Each structure stands twice: as structure tokens, then as C-alpha cells.
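First the structure, in the form of C-alpha cells, and then the observations on it.
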Amino acid sequence: MILPPEFYARKPVEVARDLIGKVLVRLMDGRRVSGRILETEAYGGSDDPASHAFRGKTRRNAPMFGPPGRAYVYFVYGNHFCFNVVTAGVGAVLLRSVQPLEGLDIMKKLRGTEDEENLASGPGKLTRAFGITPDFNGLPLCRETGLFIEDDGTRLEVRRTPRIGISRGTERKWRFVGEWRLGQDSNLRPPG
DNA sequence: TGCTCGATTGTCT
DNA sequence: GACAATCGAGCAC
């Protein structure tokens, strides 16, 4: 089932935690490119010094001030794009890494590598592998836009850690990492 | 108008 | 482990 807008209309920390184990899906030329979300980070509004929204609304962070359930895509380090989903409270959740499930050939082509372990194991790699560009900035996550997140019933163990790659607000443990629990049904285990 | 630095990655040592 | 690549947003002046 595709996550509805209500899913995103909560605090960024709750959305970030609950997105672990969900499936990011991109429809490309009638084909599915998808991966299970393994790593997220929550960013708040004016109360979070690490957030782009900390200093108020600008042209770049405008999507964060809009309705929840939309994409916030921004350019960083002169090379890469990062993909976020907008939550309630002028918040956002950064998708840091996914485990590739479908359309691996497309991901390999877009990433220019055959290494399946590293296709989408980072914020910049993820946007590249899924063909997520600024064209999606501000668009709702639904079937119509070809970019959305599904719940396939999989539940992962969620670990909570400080956010990484930032210089402020590091004291908050707003990074969430999904881990496969031993003893689960075999069809829920990661491949390999 | 100019300068600094970043929610990163790939490459080299 | 260290660092260059690369460029726009945000801030200082």
C-alpha cells in the first residue's frame, strides 16, 4: 500500500523512524525501481540549528514550508542531490540509504557501477540511482508523480543514533538505521 | 559583489 | 585516512 499524506503529517522524528523498512518506489518507463529504506534522518524547523528551515523560509527550503507528503530535493557540495520528504511542523526527513529491490539494472546504469552494495548506500547515491532530480522538488509523493513510498508489511529493528555530516545540532539522536533481526521469516531476510 | 562552506562521494595514499 | 571536485545558498560588506 502507498503511504497516504496523513503518514507524513506528523513530527519529523516519528516519520523518520516509521519510514525505516518501507519501500521507496520510482516508476521509470513503466518499470519499477525500488529499494527498502534503511537509513533516515529527521530535520526540524526553526528549533533545529541543523535544519535548512532554521533561519526561516527561502527559495531553496520553500517546500519544507508547504504541505506534508511532498518531496524536497536540494543540491549540495556542488555535485550531489539529497532527497527529503516534507513532514508536519516545517520538518523534513532525509533518506540516506536504501537496499535495492527492483530495477537493479536501471540503478547500475544511472550510477555507472555494478557494485550492488553501493548502488544507493548514501544520500547522493540514492538520488542518482533513482533518477531523482530537482524536477521532483515540491511534488507530492503519489502514483501520479511516479515517486512514492510503500508499506509492504516488513518490520525492521530500528536503531537510533546522532545525525552525521552536520556541524550543528549533533546532540540530537535523530538518525534512524534499520537492521534485520535474526530469526525472521526467510522471505524477509536480505538477499545473499 | 565577493566569500565561505556545505544534510557527499570517489579517488589516491 | 586525507582530500579534491564543484557550485549555489546565504551572509558580510
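Here the structure is a predicted model, which means the values were calculated and not measured. In what follows, chains are A, B, ... by sequence order, proteins preceding strands, each numbered from 1.
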Using atom types as modelled and distance alone, determine if a side-chain donor or acceptor of [X] lies under 3.5 Å from a backbone N or O of [Y].
X      : Y      : value
A:R26  : A:L147 : no
A:R111 : A:L119 : yes
A:S51  : A:G44  : yes

Given A:H52, which of A:F75, A:Y74, A:Y43 fulfils the ring-ring contact (aromatic ring centres under 6.0 Å, His included) condition? A:Y74

With salt bridge (charged side-chain N to carboxylate O under 4.0 Å, His left out) as the test, would you mind laying out the steps for A:K108 and A:E116 before giving the verdict? CA-CA 8 Å; A:K108 290 176 182 176; A:E116 299 188 0; 3.0 Å; yes

Stems field, DNA chain B, Watson-Crick or wobble, 3.5 Å, at least 3 pairs, by first number, holds B:1-6 with C:7-12, B:8-12 with C:1-5

Sidechain N-carboxylate O distance under 4.0 Å for A:R163, A:D48: yes

A side-chain contact here means heavy atoms from C-beta on lying under 4.5 Å apart; do [X] and [Y] qualify?
X      : Y      : answer
A:R31  : A:D105 : yes
A:E150 : A:I2   : yes
A:P162 : A:T170 : no

Ring-face cation of A:R10 near A:F7 (centre distance under 6.0 Å, axis angle within 45°): yes

Go along nucleotides 1-13 of chain B 5' to 3' and tag each nucleotide: B for a protein heavy atom under 4.0 Å from its base, S when only backbone or sugar atoms are that close, - otherwise. -----BBBSS---

Rounding to an integer number of angstrom, what distance separates B:dA7 and C:dG1 when you compare their C1' atoms? 22 Å

What distance, rounded to whole Å, do you find between the two P atoms, one in B:dG2 and one in C:dT6? 22 Å

Whole-Å distance between C:dA9 P and A:F81 CZ? 11 Å

Tabulate atom names and distances for all N/O pairs under 3.5 angstrom spanning the protein and nucleotides 11-13 of chain C.
unit_1: C:dC11; atom_1: OP1; unit_2: A:R55; atom_2: NE; d: 3.3

